[in-house]
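Shown next, in C-alpha cells, is the structure this report addresses.
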Amino acid sequence: MQAATALDKVYGTGDLLVRLWHLAKRETKDQPFIGLGPLEAGAAGIQEYALSAVPDLLQTRAYAEEQVRAARTGSPQQADARVAGRLARQERLTDEDPVHYRALIDEAVLRRKARDPQTWTRQLEHLIEMAQLPGVSLHVVPFDTGPHPLHGSLELVYLPQGRTVAYAPSSCGSHVLEEPEEVEPLRLAYDLLRDTALTPTESLTFLRTLLTEHTAAGTTENPAS
C-alpha cells in the first residue's frame, strides 16, 4: 500500500491507486485458500507458534487423524485427504535440503493430551525425536511466561528474496497476510515470545519429563495383573 500511496502522489491521481490496491487485495482474500503446502515447499525458513494443538508439521498420523476428526468438517474422504496433505508437508523437515523450522509450543498444547493414551505417548516421543533434528528448533512456552503479545496460533513462512507470509488460523477462518505493514508486527511479537520461551535444551527436558509422567500414569491406571 505504501508504494500505491507514493505513486498516487507522483502521478497526481488522488487515492485512485490506493483504492485499486485495496480492491485487488479484497478479491485475493475472497479466493479459496489452497493450503500452506505450496508456500512451505519453496520456503527458506518456517517459524510457528502453536496455541491449541501440536503444529501440523510435528504431528504423528494418529494424532493428526484425531485432530481432523474432532473438527467434524467434511466427509471421511476429505478428512483422509487433509491428513495425507498434512503428512506430505512434513517432508520439508527431513528431505535432502530441509527447511529450518522453529516451533514455539504453548504449554497448554502439551497439557491437552490426545484422547487415546497410546496416541499421546507416540506424539510425545515424536516431538522429542523431531526436536533433535539439526534443522529443527523447538521451544516450549511455559504457563509462567505470563501475558505475551501473540493471542493466537501463527505461522511465518520466509520465502526467497526476503518476502515473508504470515498465516493466522482460527475457528472463525484463517487469514493469510503478505503486506509488510501487516507481517512485521507479527514477526516482532513472535521474536518477543521466543525470547521468553524455554531454550531448545530446556524444552527437550520438559518433553522428556512429560513423557515419563504420562507413561507412569498409564502404568498406575493399568497395573499388570
Side-chain angles (χ1 to χ4, degrees), residues 32-69 71 74 77-106 109-110 114 118-141 153-169 174-178 183 186-187 190-191 193-194 197-208 210-211:
F33 179 53
I34 62 174
L36 289 171
L39 286 174
E40 293 170 343
I46 300 171
Q47 294 187 335
E48 186 163 8
Y49 169 55
L51 178 61
S52 60
V54 172
D56 291 359
L57 296 179
L58 299 176
Q59 293 181 4
T60 63
R61 177 182 291 276
Y63 183 91
E65 289 173 345
E66 189 173 289
Q67 291 293 312
V68 170
R69 286 198 303 270
Q77 293 76 17
Q78 290 172 322
D80 290 343
R82 281 196 288 273
V83 171
R86 195 169 295 185
L87 297 178
R89 288 166 52 203
Q90 296 177 2
E91 295 177 5
R92 281 297 283 120
L93 303 184
T94 56
D95 61 20
E96 293 182 356
D97 184 24
V99 66
H100 182 267
Y101 176 71
R102 184 186 304 276
L104 308 182
I105 302 180
D106 200 279
V109 171
L110 302 172
Q118 292 184 347
T119 295
W120 188 237
T121 297
R122 181 60 193 126
Q123 180 61 67
L124 287 175
E125 292 173 340
H126 185 63
L127 285 174
I128 291 170
E129 293 167 5
M130 297 300 290
Q132 297 177 80
L133 292 178
V136 174
S137 298
L138 193 153
H139 304 254
V140 173
V141 181
S153 295
L154 174 70
E155 182 169 345
L156 297 169
V157 182
Y158 292 82
L159 300 171
Q161 291 81 49
R163 191 164 69 95
T164 303
V165 175
Y167 174 69
S174 301
H175 303 280
V176 178
L177 307 173
E178 301 184 57
V183 174
L186 295 174
R187 289 180 57 176
Y190 186 94
D191 288 344
L193 180 57
R194 180 199 61 207
L198 300 182
T199 67
T201 299
E202 293 168 339
S203 298
L204 195 53
T205 299
F206 188 99
L207 290 170
R208 285 171 171 156
L210 275 184
L211 178 59

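When reading the values below, keep in mind they use all heavy atoms of this one structure, side chains included, and skip hydrogens, waters and symmetry mates. Along the sequence shown, the residues carry numbers beginning at 1.
Between the CD atom of Gln123 and the CE atom of Met130 there is a distance of 10.0 Å, given to the nearest 0.5 Å. Here the straight-line distance linking atom CG of Leu204 with atom CG of Leu138 works out to 8.5 Å at 0.5 Å rounding. With rounding to the nearest 0.5 Å, the separation of CD in Gln90 from NE2 in His126 is 5.5 Å. Between Ile105 atom CD1 and Leu207 atom CG the span is 7.0 Å, to the nearest 0.5 Å.
Side-chain contact between Leu58 and Leu93 is present, with heavy atoms from C-beta onward closer than 4.5 Å. Under the 4.5 Å side-chain criterion, counting only non-hydrogen atoms from C-beta, Val165 is in contact with Val176. Counting only heavy atoms from C-beta outward, the side chains of Leu39 and Tyr167 never approach each other to under 4.5 Å. In this structure the side chain of Tyr190 reaches within 4.5 angstrom of the side chain of Leu104, judged on heavy atoms. Considering only heavy atoms from C-beta on, His100 comes within 4.5 Å of Ser137 through its side chain.
Not counting sequence neighbours, the partners of Thr205 by the side-chain contact (heavy atoms from CB on, under 4.5 Å) test are Thr209. In this structure, the salt bridge (charged side-chain N to carboxylate O under 4.0 Å, His left out) partners of Arg86, at least two apart in sequence or on a different chain, are Asp56. Arg61 is linked by a side-chain hydrogen bond (donor to acceptor under 3.5 Å, both in side chains) to nothing, counting only residues two or more places apart in sequence or in another chain. Partners of Glu125 by salt bridge (charged side-chain N to carboxylate O under 4.0 Å, His left out), not counting sequence neighbours, listed by chain and number: Arg122. With sequence neighbours left out, His139 forms a side-chain hydrogen bond (donor to acceptor under 3.5 Å, both in side chains) with Arg102. Every residue two or more places apart in sequence or in another chain that forms a side-chain contact (heavy atoms from CB on, under 4.5 Å) with Val136 is listed here: Tyr101, Leu133. The ring-ring contact (aromatic ring centres under 6.0 Å, His included) search around Tyr63 returns none, not counting sequence neighbours. Residues passing the side-chain hydrogen bond (donor to acceptor under 3.5 Å, both in side chains) test with Arg194 are Asp191, sequence neighbours excluded. Applying the side-chain contact (heavy atoms from CB on, under 4.5 Å) test to Arg187 and every residue at least two apart in sequence or in another chain returns Leu156, Tyr158, Thr164, Val183, Glu184. Shown here are the side-chain hydrogen bond (donor to acceptor under 3.5 Å, both in side chains) partners of Ser52, two or more places apart in sequence or in another chain: there are none. With sequence neighbours left out, the side-chain contact (heavy atoms from CB on, under 4.5 Å) criterion links Leu51 to Tyr49, Asp106, Ser153.
Contact between Val157 and Ala43 at its shortest, heavy atoms only, is CG1-CB, 3.6 Å. Heavy-atom minimum distance, Leu186 versus Ala166: CD1-CB, 3.8 Å. Nearest heavy-atom pair across Glu202 and Leu198 is OE1-CA, 3.5 Å. Of all the heavy atoms in Ala53 and Gln67, the pair that sits closest is CB-OE1, 3.6 Å. Shown here for Leu124 and Leu211, the closest heavy-atom pair between the two residues is CD1-CA, 3.8 Å.
Identified under the salt bridge (Lys or Arg N to Asp or Glu O under 4.0 Å) test for residues 38-50, with sequence neighbours left out: Glu40-Arg89.
For Glu65 (side chain) and Thr60 (main-chain N/O), no donor-acceptor pair under 3.5 Å exists by modelled atom type. With hydrogens and angles disregarded, a donor-acceptor distance shorter than 3.5 Å links the side chain of Gln132 to the backbone of Ile128. A donor-acceptor pair is defined here as one N or O able to donate and one able to accept, closer than 3.5 Å; no such pair exists between the side chain of Glu155 and the backbone of Ile46.
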